[in-house]
Amino acid sequence: MIRVAEIADVPVIHSMIRELAEYEKVPHEARASEDQLREALFGERPAAFAHIAEAGDGEPVGFAVWFLSFSTWRGVHGIYLEDLYVRPSARGGGHGKALLAELARTCVERGYARLEWSVLDWNLPAVEFYRSVGAVSMDEWTVNRLTDDALRKLGGAE
């Protein structure tokens with residue numbers, strides 16, 4: 001049901017990223033191209049990794065894209081789950097849980113300390129699903145982000 005993504009999966013991963021952006025009501029923010037994904041996942045120095053969830057017939061129905069994080073407090077890596085998505089037609093079939101379980105297994109096997117991700121607070125089905133597998137909301141932490149003009153300004157490009 002879960003397998004490591006292959007370079008031939010880039011178009012379907014790209015398609016599902018677009019579907020996720022539509023679901024999250026921000027399709028204009030999903031600007032990554034297939035070429036960018038191919039380079040990030042399978043280039044000379046991959047910056048991210050991916051797993052594919054397949055239906056019984058081998059059809060891709062979900063994906064997880066993740067990268068390594070590092071805990072200065074624990075002194076070891078962790079996994080940051082950038083995106084987890086299961087197509088609506090396949091939800092409830094255990095694919096999301098299987099993707100999370102595979103990443104948790106990777107953490108355990110490699111001695112990583114954490115598996116972390118963000119979830120939109122309005123996405124109650126996802127919040128409830130994550131709680132059901134034992135995830136704890138880090139309510140005291142606030143995500144901060146620099147992008148576009150603010151990033152360029154702070155980086156001295158403006």
Side-chain angles (χ1 to χ4, degrees), residues 1-43 46-70 77-108 112 114-152:
M1 180 184 289
I2 306 302
R3 64 175 175 78
V4 172
E6 301 169 355
I7 198 164
D9 294 313
V10 168
V12 75
I13 293 169
H14 185 259
S15 175
M16 287 191 280
I17 288 170
R18 303 281 313 158
E19 292 171 30
L20 174 60
E22 289 282 342
Y23 175 76
E24 292 184 352
K25 302 175 180 83
V26 288
H28 60 282
E29 291 187 21
R31 296 181 268 186
S33 69
E34 287 185 23
D35 287 340
Q36 288 172 310
L37 290 173
R38 193 173 292 105
E39 181 63 26
L41 296 170
F42 302 103
F49 308 92
H51 284 77
I52 299 291
E54 293 182 332
D57 62 1
E59 177 71 21
V61 295
F63 77 97
V65 170
W66 56 277
F67 55 88
L68 293 179
S69 60
F70 184 78
H77 283 292
I79 286 178
Y80 187 85
L81 175 59
E82 179 65 19
D83 282 329
L84 174 76
Y85 178 74
V86 175
R87 288 184 159 148
S89 62
R91 291 183 188 156
H95 303 290
K97 186 173 184 179
L99 283 163
L100 279 177
E102 182 61 27
L103 297 184
R105 194 170 12 265
T106 299
C107 286
V108 171
Y112 297 167
R114 298 177 178 154
L115 172 56
E116 294 182 304
W117 62 90
S118 296
V119 61
L120 292 165
D121 56 9
W122 61 258
N123 190 350
L124 294 181
V127 170
E128 291 172 6
F129 165 65
Y130 295 139
R131 284 186 187 143
S132 77
V133 298
V136 176
S137 294
M138 303 297 289
D139 295 330
E140 68 275 15
W141 292 86
T142 301
V143 175
N144 289 268
R145 179 177 293 164
L146 283 171
T147 61
D148 303 323
D149 292 341
L151 180 65
R152 286 188 288 278

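In this text, all values refer to a predicted model and were calculated from it rather than measured experimentally. For the numbers below, each heavy atom of this structure counts, side chains included, while hydrogens, waters and symmetry mates do not.
For the pair Arg114 and Cys107, the tightest heavy-atom approach, listed with the atom from each and the gap, is O-SG, 3.4 Å. Shortest non-hydrogen contact noted between Arg87 and Pro60 is NH1-O, 3.4 Å. Listed here is the closest heavy atom pair of Pro27 and Glu22: CB-OE2, 3.3 Å. Scanning all heavy atoms of the two residues, the minimum distance from Ala98 to Met1 falls at CB-SD, 3.8 Å. Here the closest non-hydrogen pair linking Glu34 and Pro11 is OE1-CG, 3.6 Å. In plain terms, the two heavy atoms of Asp149 and Arg152 that are nearest each other are OD1-NH2, 2.7 Å.
Residues meeting the salt bridge (Lys or Arg N to Asp or Glu O under 4.0 Å) test with Asp83, sequence neighbours left out: none. With sequence neighbours excluded, the residues forming a side-chain hydrogen bond (donor to acceptor under 3.5 Å, both in side chains) with Tyr112 are Arg110, listed by chain and number.
Using a cut-off of 4.0 Å between Lys/Arg side-chain N and Asp/Glu carboxylate O, Glu128 and Arg131 are scored as not salt-bridged.
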Quick one: side chains of residues 116-124, donor-acceptor pairs under 3.5 Å with protein atoms, not counting sequence neighbours, listed by atom name and distance.
unit_1, atom_1, unit_2, atom_2, d
Ser118, OG, Tyr80, OH, 2.8
Asn123, OD1, Tyr23, OH, 3.1
Asn123, OD1, Ala126, N, 3.4

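Considering CD1 of Ile13 and CD1 of Ile7, their distance stands at 10.5 Å, rounded to 0.5 Å. A distance of 12.5 Å separates CD of Glu6 from CG of Leu41, quoted to the nearest 0.5 Å. Within the model, atoms CG of Leu84 and CH2 of Trp66 stand 14.0 Å from one another, a figure rounded to the nearest 0.5 Å. Note that CG of Leu103 and CG of Leu115 are 6.0 Å apart. Values are rounded to the nearest 0.5 Å. Distance check, rounded to the nearest 0.5 Å: CD of Glu54 to CG of Asp9 gives 7.5 Å. If you take CZ on Arg18 and CZ on Arg31, they are separated by 11.0 Å, rounding to the nearest 0.5 Å.
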Which is it for Tyr130 and Leu100 under the side-chain contact (heavy atoms from CB on, under 4.5 Å) test, yes or no, and what are the steps along the way?
CA-CA 9 Å; Tyr130 295 139; Leu100 279 177; 3.9 Å; yes

Take Phe49 and Thr106 through the test side-chain contact (heavy atoms from CB on, under 4.5 Å) and record every step on the way to the result.
CA-CA 12 Å; Phe49 308 92; Thr106 299; over 6 Å; no

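A 4.5 Å side-chain heavy-atom check between Ile17 and Phe63 finds at least one atom pair inside the cut-off. At a threshold of 4.5 Å between non-hydrogen side-chain atoms, the residues Phe70 and His77 count as touching. Within the 4.5 Å cutoff, the side chain of Leu99 has no heavy atoms near those of the Leu81 side chain.
Checking side-chain atoms of Ser132 against main-chain N and O of Phe129 turns up a donor-acceptor pair under 3.5 Å. Within the 3.5 Å criterion, the main-chain N or O of Ala32 finds a donor-acceptor partner in the side chain of His14.
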